[in-house]
Amino acid sequence: MRIIIVSTSIGYLGSGKGGGVELTLNSLVLGLLHKGHNVKVVAPDQSQLSEQCKSVELVCVRGMQQTSWQHQDYYAAAETSQDSIVNALIDKALSLSNNSDLIINLSYDLQPISKTLESQVPIAHLISMGNESFAISNQIKKIYSKFPHNFAFHTKIQASDYPFVINPIIVGNGFQLSNYTFCDEKDGPLGWIGRVSPEKGLEDAVHVANKLQERLNVWGYIEDEKYALMVEDLASAGLLSWRGFLSTNKLQEELCRCRALINTPKWNEAYGNVVVEAMACGVPVVAYRRGGPSEIIKHGLTGFLVEPDNKYELLEYLKKINLIDRYKCRSWVEHNASHNIFADKVEGWLQKVIENFSNSK
Ligand code: UDP
């Protein structure tokens, strides 16, 4: 297939602003390349693909930056300026689509979804969030009624946020396993990874690190400075270590030495890349039973699932984390979330999208 991938509009690839979609895009490109497909990527200006994807044509476009939907009011109006980056991305993809079989859209936004009706090539949407916007949810509902195969989700629990979606197509996510080194170290610090933003619940991880008087390493893009300062104030002196936003290679080098990853989402996390990245390094995860992580982590085998927001339970399970066999964490990723497994699932989905598109004409 000749495929054009539209990146997230929230940040350029490599900035960290685009969250998990940045890594997902690189894994997807790599998996599709391995399967012999021809791939082009349309992304915001300054974007860079990972080393392994450098052979792919990357088309960068400029446009006005926008706020991510999860940081706007749920009922925020569906107005976007003509100059917005998301318009530029989908318009560029459409202008290149003459010789393509289909477009995959990774941007959680209105315009790419609405263009599905008028496009001459099918647009397949890999939805990267739960229901964070009334306007987007309605847009998906409208297009879904005509093109139900054009939407895929990372997890069942994410898809359940869209009650009109019957028998959702679930593709999971994928990770290039050779990028993550397994490490059997059980005495390292605690870890937490994510955009530093209220929906990620870093304060709960700080709470348990305080109780245990253990060091907590935090990696991620600081999206909300005020929130970061508030969290820092909660931490006992010397326990919280801001490690910054690192490349995957550097991140995994540090992450693999952790004795546990704490994952404390306050929202319906669509997937939770960082949970799987930790497991790929052999690091077990203690997470709230909420969103994607609750479908990924096998309680008692690869980590523990805790009643959402229950910090006491979080603490109790962290005390038991050394009972988890770190090899089982890595093994789960190898068997369920490699970039090749992901590409197989996506390929099956795309074939359905193309088939249904030609039948609908
Ligand atoms: N990440 C990174 N370097 C860091 C911290 C995080 O590359 O120092 C990446 C991480 O690999 C993951 C993403 O940030 O792909 C966060 O994605 P996740 O799905 O966990 O959450 P999202 O931000 O999409 O809500």
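All ligand and atom numbering here is 1-based and tracks the order in the structure.
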Selection from [options] by shortest heavy-atom distance to [atom]:
{"atom": "atom 5 (C) of ligand 1", "options": "N26, I193, V21", "result": "I193"}
{"atom": "atom 19 (O) of ligand 1", "options": "V275, N273, T8", "result": "N273"}
{"atom": "atom 13 (C) of ligand 1", "options": "P293, S128, G20, A278", "result": "G20"}

Please list, in number order, the atoms of ligand 1 under 4.0 Å from a heavy atom of [X].
{"X": "E269", "answer": "21 (O), 25 (O)"}
{"X": "G244", "answer": "8 (O)"}
{"X": "R195", "answer": "22 (P), 23 (O), 25 (O)"}
{"X": "L251", "answer": "2 (C), 3 (N), 4 (C), 8 (O)"}
{"X": "G19", "answer": "13 (C), 17 (O), 23 (O), 24 (O)"}
{"X": "L246", "answer": "2 (C), 3 (N), 4 (C), 7 (O), 8 (O)"}

Ligand 1-proximal atoms of [X], by part, heavy-atom distance under 4.0 Å:
{"X": "E22", "value": "neither"}
{"X": "L23", "value": "side chain"}
{"X": "R243", "value": "neither"}

State if [X] counts as touching ligand 1 under the rule of any non-hydrogen atom under 4.0 Å.
{"X": "F245", "answer": "yes"}
{"X": "W267", "answer": "yes"}
{"X": "G220", "answer": "yes"}
{"X": "K200", "answer": "yes"}

* Asked: Please state which protein non-hydrogen atom is closest to atom 12 (C) of ligand 1 and give its distance, to 0.1 Å?
  ->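 The closest one turns out to be E277 OE2, 3.4 Å.
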* To do: Would you sort out whether E269 and K200 count as a salt bridge (charged side-chain N to carboxylate O under 4.0 Å, His left out), showing the intermediate values?
  => CA-CA 9 Å; E269 190 82 66; K200 295 292 191 175; 2.8 Å; yes
